Amino acid sequence: MKNTMKSWLGPLFHLFFPRYCVVCGAPLIESEETICTRCNMDMPRTNYHKVKDNPVERMFWGKFPLERATSYFFYRKGGDFRRILHQFKYGGKKELGATMGRFMAAELSATDFFKDIDVIIPVPLHPRKRKARGYNQSEWIARGVSQVSGIPVDISSVVRGKNTDTQTHKSVYERWENVDGIFRLHHPEYFTGKHVLIIDDVLTTGSTTTACADVFCEVAGIRISVLTLAVADS
């Protein structure tokens, strides 16, 4: 009886409160979530999780003990799929991050990407920036990934101690200088021998991700993997 009511109440609800694709704006049908089927098929996926020594992994070679790294799709300025990140990061649609995290994790789960990972660390925001935005976008992506992978999320061990300027219009050197030493690790002994997955929204130069990974440099036996929702396509 409960399932029967849900089956007809759902379409009735969406008749009065229609949902739209965040990419193209087309109305979503009952079985679609956030993105319509056509846009989902057209999403510029990197498929780097299927490629050993892919460009994302090479970005971090020699910087920290990397296990594997990938990004879900390419971010292109002026491209339609930039709307996902803009609405999620600046439009207040935090739940969109969890949805995209689930989409991403579902595809990666078909491989061994999540094998042996002990904990997820979303790249933290400074408390002032988090308060102004209302949430940490990387944390919401991590929540979605956790829902599919079953890997716990840790939002308290790594903290951002410096409120830096935006990275958007900075040069490569300025980006690295801007994030140098901005993170701190609480209770490093907890991570001895652990495999950590660092999650962020968009990967550009890798400076912020590397700065986050640097806090684990003195932890014995640490292994680090990286996952981002998008990577800038130059």
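Everything quoted here is computed from the prediction, not taken from an experiment.
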Would you please test Cys217 and Phe64 for side-chain contact (heavy atoms from CB on, under 4.5 Å) and show each step? CA-CA 7 Å; Cys217 64; Phe64 51 84; over 6 Å; no
Which atoms form the tightest heavy-atom contact between [X] and [Y], and what is the distance?
| X | Y | result |
| --- | --- | --- |
| Val148 | Ala106 | CG1-N, 3.9 Å |
| Cys21 | Cys24 | SG-N, 3.5 Å |
| Thr70 | Thr46 | OG1-OG1, 4.1 Å |
| Val153 | Ile155 | CG1-CG2, 3.8 Å |
| Arg133 | Tyr90 | NH2-CE2, 3.8 Å |
| Phe60 | Ala69 | CD1-CB, 4.4 Å |

Indicate the ring-plane relationship of Phe216 and Phe191, choosing parallel, tilted or perpendicular according to the 30° and 60° boundaries. perpendicular
Using 0.5 Å steps for rounding, measure from the [atom1] atom of [X] to the [atom2] atom of [Y].
| X | Y | atom1 | atom2 | value |
| --- | --- | --- | --- | --- |
| Gln87 | Lys93 | CD | NZ | 4.0 Å |
| Tyr72 | Arg45 | OH | CZ | 4.0 Å |
| Thr34 | Arg19 | OG1 | CZ | 8.0 Å |
| Thr37 | Glu32 | OG1 | CD | 3.5 Å |
| Arg160 | Ile182 | CZ | CD1 | 3.5 Å |
| His126 | Lys131 | NE2 | NZ | 12.0 Å |

Any side-chain heavy atom of [X] within less than 4.5 Å of one from [Y]?
| X | Y | value |
| --- | --- | --- |
| Tyr75 | Val231 | no |
| Val219 | Pro188 | yes |
| Met59 | Thr209 | no |
| Val22 | Phe88 | no |

Hey, does the side chain of [X] reach the backbone of [Y] with a donor-acceptor pair shorter than 3.5 angstrom?
| X | Y | answer |
| --- | --- | --- |
| Thr210 | Ser207 | no |
| Asn54 | His49 | no |
| Arg102 | Gly144 | no |

CA sep, side-chain torsions, deciding dist, call: Ser146, Arg143, side-chain hydrogen bond (donor to acceptor under 3.5 Å, both in side chains): CA-CA 5 Å; Ser146 178; Arg143 289 186 186 188; over 6 Å; no
Does atom [atom1] of [X] have more than 12 heavy-atom neighbours, drawn from other residues, nucleotides or ligands, at distances under 6.0 Å?
| X | atom1 | answer |
| --- | --- | --- |
| Arg76 | CZ | yes |
| Glu189 | CD | yes |
| His186 | NE2 | yes |

Can Ile35 and Met100 be said to form a side-chain contact (heavy atoms from CB on, under 4.5 Å), step by step? CA-CA 9 Å; Ile35 299 176; Met100 294 305 299; 3.8 Å; yes
Go through the steps to decide whether Ile120 and Phe114 satisfy the test side-chain contact (heavy atoms from CB on, under 4.5 Å), and finish with yes or no. CA-CA 10 Å; Ile120 296 172; Phe114 295 115; 5.9 Å; no
Check residues 221-229 and write down every donor-acceptor pair under 3.5 Å in which the side-chain atom is one partner and the other belongs to a residue at least two apart or another chain.
{"unit_1": "Ser225", "atom_1": "OG", "unit_2": "Arg68", "atom_2": "N", "d": "3.4"}
{"unit_1": "Ser225", "atom_1": "OG", "unit_2": "Arg68", "atom_2": "O", "d": "3.4"}
{"unit_1": "Ser225", "atom_1": "OG", "unit_2": "His195", "atom_2": "NE2", "d": "2.8"}
{"unit_1": "Thr228", "atom_1": "OG1", "unit_2": "Ser71", "atom_2": "OG", "d": "2.5"}
{"unit_1": "Thr228", "atom_1": "OG1", "unit_2": "Ala230", "atom_2": "O", "d": "2.9"}

Evaluate side-chain contact (heavy atoms from CB on, under 4.5 Å) for Asp214 paired with Phe183, printing each intermediate quantity in order. CA-CA 8 Å; Asp214 280 346; Phe183 298 107; over 6 Å; no
Begin with the C-alpha distance, continue with both residues' side-chain angles, and end with the deciding distance and a verdict on side-chain hydrogen bond (donor to acceptor under 3.5 Å, both in side chains) for Ser138 and Asp201. CA-CA 6 Å; Ser138 298; Asp201 52 359; 4.5 Å; no
